[in-house]
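Before any comments, here is the structure.
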2 protein chains.
Amino acid sequence: MVLREATRRVGVSPNAAYRHFADRDALLAAVSDAALALLATCIDEIVERIPEGDPDVVARAQLRAVGTEYVSFALDNPGLFHAAFFVASDLESSSAPSKSGRSGRSPLALLTAALDLLVSSGAMPSERRPQAEFLAWSSVHGFALLLIDGPLRALPRDQADVVTQRLIDMVEAGFTCP
Amino acid sequence: MVLREATRRVGVSPNAAYRHFADRDALLAAVSDAALALLATCIDEIVERIPEGDPDVVARAQLRAVGTEYVSFALDNPGLFHAAFFVASDLESSSAPSKSGRSGRSPLALLTAALDLLVSSGAMPSERRPQAEFLAWSSVHGFALLLIDGPLRALPRDQADVVTQRLIDMVEAGFTCP
DNA sequence: TGGATATGTTTACACCGTAAACACTGCCAT
DNA sequence: ATGGCAGTGTTTACGGTGTAAACATATCCA
């Protein structure tokens with residue numbers, strides 16, 4: 001459902017892939033790594049061009065940028081997004097390796113940085129910090145999946161974008177309000 | 001990967017299923033409906049036993065109950081949870097049919113009710129209400145998937161439970177704080 | 001009683017992932 | 001230059017899978 005069709009599209013014999021990967025899952029794991037690296041690069045690019053300034057507003061902008069780009073990437077490349085979370089991806093595998101790609105920052109690392117800044121700027125109480133990256137991640141991850149796979153499949157893109165902003169509003173408020 | 005093995009476990013010929021379902025996907029859709037109904041029943045049971053009282057605290061308790069049971073169900077029945085969101089499930093299909101099961105309330109309907117109560121109790125500003133069910137849903141859905149499939153696979157159950165509560169704290173705060 | 005309906009089986013086919021054996025190319029050490 | 005070797009590709013083959021078609025059986029109602 002993947003391997004043979006992939007070889008066909010590349011115009012090569014079905015078993016050619018076995019010279020490069022142990023089996024189908026190994027190939028998918030490699031694709032997962034590549035997709036993760038690409039996602040990280042996309043997010044990094046947007047975060048990088050946030051102008052410096054008040055740490056509070058920078059932190060909020062970073063949080064928004066990470067979330068927005070995360071679901072944007074999923075909508076633009078649903079196949080790659082799925083592949084990225086196929087398996088493997090054990091927190092470690094998303095941050096540690098990245099031998100081929102540049103940008104040492106994984107998506108998770110970028111999110112963590114934004115949250116750390118949010119705490120150090122005083123906008124987010126430090127009691128709320130533990131595991132916060134997983135909470136924020138869950139929100140955008142779930143939303144992305146509902147959009148590309150799930151019951152929100154039919155939502156038009158522009159509407160999805162505005163709901164994404166509402167989602168990030170909610171997360172930000174949940175972290176930073178009294 | 002499913003059909004033939006299923007027939008084998010039931011002890012029946014591979015094609016017996018074709019007398020009941022058009023194809024593999026139709027069978028999976030039926031399983032999805034059943035899983036959705038079961039999930040709704042589980043959530044309903046917990047919500048139902050929340051004692052009456054101050055609408056504000058009832059609404060918050062309902063929100064917490066729905067979220068907690070949602071991820072609890074996913075952790076307890078990962079297979080069914082996956083099946084539930086296999087395909088089909090078009091918002092409508094989760095609420096409308098339910099011809100066989102009892103409890104007309106779908107998971108989404110229960111969540112919607114909790115949010116409506118949260119608004120009418122004054123705890124949640126009505127400007128925040130639009131699409132709020134999808135925001136809350138995204139959060140628990142994503143978290144459940146990260147836990148059973150994704151990078152949080154390794155998190156022990158008791159820890160997952162406490163992070164779930166933190167997640168709901170975040171969502172509740174995001175909805176109800178100034 | 002007899003036919004329709006529901007359910008199950010057998011046979012057959014194309015496709016998939018994968019193993020094993022074989023063929024070709026380029027490079028390096030002798 | 002030559003031999004071997006690592007890298008890459010192909011061919012053939014096997015078991016598993018979803019599905020179509022034809023056939024069988026049981027159950028129920030006119």
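Sequence lines set the chain letters: A, B, ... in the order given, protein chains first and strands last, and positions in each chain run from 1.
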**Fill in**
Note: A/Gly67 and A/Val140 closest approach over all heavy atoms is CA-CG1, 3.9 Å
**Asked** Closer to the 5' end of DNA chain D via nearest nucleotide, is it A/Ser13 or B/Val2?
**Response** A/Ser13
**Asked** Just checking, is any N or O donor in the side chain of B/Arg157 or B/Ser72 under 3.5 Å from an acceptor N or O on the other one?
**Response** yes
**Contact under 4.0 Å: A/His20 side-chain N or O vs D/dG7 OP1/OP2** = no
**Request:** Would you mind classifying the nucleic acid contact of B/Arg24 as base, sugar-phosphate or nothing, using non-hydrogen atoms under 4.0 angstrom?
**Result:** sugar-phosphate
**Item:** Separation of atom CZ in B/Arg4 from atom P in C/dT11, rounded to whole Å
**Value:** 13 Å
**Request:** Describe, in one word, how the ring planes of B/Trp137 and B/Phe85 are oriented to each other, choosing from parallel (under 30°), tilted (30 to 60°) and perpendicular (over 60°).
**Result:** tilted
**Message:** Expressed as a whole number of angstroms, how long is the span from A/Glu5:CD to C/dG17:C1'?
**Reply:** 14 Å
**Message:** Restricting to non-hydrogen atoms, name the atom on A/Gln165 and the atom on A/Arg64 that form the minimum distance, rounded to 0.1 Å.
**Reply:** OE1-NH1, 2.8 Å
**Item:** Atom-pair distance (CG on A/Leu3; P on C/dT18), nearest Å
**Value:** 6 Å
**Which atom of B/Ala84 lies closest to which atom of B/Leu36, heavy atoms considered** = CB-CD1, 3.6 Å
**Asked** When every nucleotide of nucleotides 20-25 of chain D is labelled 5' to 3' by its protein contacts under 4.0 Å (heavy atoms), B for base, S for sugar-phosphate only, - for none, what sequence of letters results?
**Response** BBBB--
**Asked** Whole Å only: how far is the CG atom of B/Leu28 from the C1' atom of D/dG18?
**Response** 12 Å
**Request:** Measure the acute angle between the ring planes of B/Tyr70 and B/Phe81, then classify it against the limits of 30° and 60° as parallel, tilted or perpendicular.
**Result:** perpendicular
**Item:** Nearest-angstrom distance from the residue atom CZ of A/Arg8 to P of C/dC15
**Value:** 8 Å
